[in-house]
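Predicted, not measured: the structure shown is a model, and the values here were computed from it.
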Amino acid sequence: MIDSFKLNKYRIFTQNVRSIYNKIYSFSDFLLNMEISIAIATESWLNQTIFNSEIHISGFNILRCDRVNKKGGGIVVYVNKNIRYSILD
């Protein structure tokens with residue numbers, strides 16, 4: 001299921017990707033072509049062996065929370081570099 005909506009001037013997208021690593025090129029193309037501001041990818045399946053440089057999308061900052069000691073899970077958020085944000089504990 002693909003969800004995208006416009007909130008004021010931001011275009012926000014969320015998708016259960018079931019591994020972002022093997023879909024990074026199509027995911028990147030989609031974000032750039034659809035002018036997405038913030039993308040949330042659930043079930044990212046990332047772990048400490050995959051570096052941010054391997055899932056980088058030009059023009060976006062990466063925020064990620066990998067599942068530790070188990071396979072699957074995790075979330076990665078891409079935030080357009082023009083958007084100011086802060087991480088809350």
Side-chain angles (χ1 to χ4, degrees):
M1 182 169 141
I2 297 175
D3 297 313
S4 181
F5 61 92
K6 198 162 186 160
L7 180 65
N8 293 329
K9 63 181 179 176
Y10 299 113
R11 195 171 184 103
I12 301 168
F13 170 75
T14 182
Q15 183 177 28
N16 179 331
V17 293
R18 295 187 47 133
S19 180
I20 189 76
Y21 184 76
N22 65 355
K23 299 174 183 81
I24 192 61
Y25 296 112
S26 59
F27 193 79
S28 173
D29 286 346
F30 179 83
L31 297 189
L32 297 172
N33 289 330
M34 297 301 293
E35 299 180 1
I36 301 296
S37 307
I38 300 169
I40 302 112
T42 60
E43 293 293 331
S44 62
W45 296 6
L46 298 173
N47 58 52
Q48 69 276 3
T49 66
I50 300 171
F51 300 102
N52 282 354
S53 59
E54 297 176 84
I55 57 165
H56 172 75
I57 298 176
S58 181
F60 287 85
N61 292 313
I62 299 172
L63 306 169
R64 61 190 264 191
C65 183
D66 303 343
R67 177 177 276 177
V68 180
N69 300 324
K70 288 187 179 179
K71 188 176 179 179
I75 184 170
V76 62
V77 178
Y78 291 90
V79 181
N80 186 291
K81 288 189 175 183
N82 295 322
I83 296 174
R84 290 181 45 167
Y85 66 92
S86 58
I87 299 171
L88 305 175
D89 290 332

Can you tell me how far the [atom1] atom of [X] sits from the [atom2] atom of [Y], to the nearest 0.5 Å?
X: Asp66; Y: Thr49; atom1: CG; atom2: OG1; result: 9.0 Å
X: Ser28; Y: Ile36; atom1: OG; atom2: CD1; result: 12.0 Å
X: Asn16; Y: Thr42; atom1: CG; atom2: OG1; result: 4.0 Å

Honestly curious: do Ile40 and Leu88 fall in one hydrophobic cluster under the side-chain, below-4.5 Å linking rule?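 Per the 4.5 Å side-chain linkage, Ile40 and Leu88 are not co-clustered.
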Cluster question for you: counting only ILVMFWY and a side-chain heavy-atom cut-off of under 4.5 Å, with indirect links fine, are Tyr25 and Trp45 together?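 In one cluster with Tyr25: Trp45, no.
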Only distances under 3.5 Å count here; give the side-chain donor-acceptor pairs of residues 50-60 to other protein atoms, sequence neighbours excluded, each with its distance to 0.1 Å.
unit_1, atom_1, unit_2, atom_2, d
Asn52, OD1, Arg64, NH1, 2.9
Glu54, OE1, Tyr21, OH, 3.3
Glu54, OE2, Phe51, N, 2.8

Please name the pair of heavy atoms, one in [X] and one in [Y], separated by the smallest distance, quoted to 0.1 Å.
X: Met34; Y: Arg11; result: O-CD, 3.2 Å
X: Lys9; Y: Ser37; result: O-OG, 4.2 Å
X: Ile83; Y: Val79; result: CB-CG1, 4.0 Å
X: Ser44; Y: Ile75; result: OG-N, 3.4 Å

Worked check of side-chain contact (heavy atoms from CB on, under 4.5 Å) between Phe27 and Gln15: CA-CA 10 Å; Phe27 193 79; Gln15 183 177 28; 3.9 Å; yes
Pairs flagged by side chain to side chain donor-acceptor pair (under 3.5 Å) wherever residues 67-80 is involved - sequence neighbours left out: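 Sorted result for residues 67-80: Asn80-Asn82.
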Run the side-chain contact (heavy atoms from CB on, under 4.5 Å) check on Tyr85 and Leu63 step by step: do they pass? CA-CA 11 Å; Tyr85 66 92; Leu63 306 169; 3.8 Å; yes
Is a side-chain N or O of Ser26 found less than 3.5 angstrom from the main chain of Lys23, in a donor-acceptor match?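 Pair found, side chain donor or acceptor close to backbone of Lys23.
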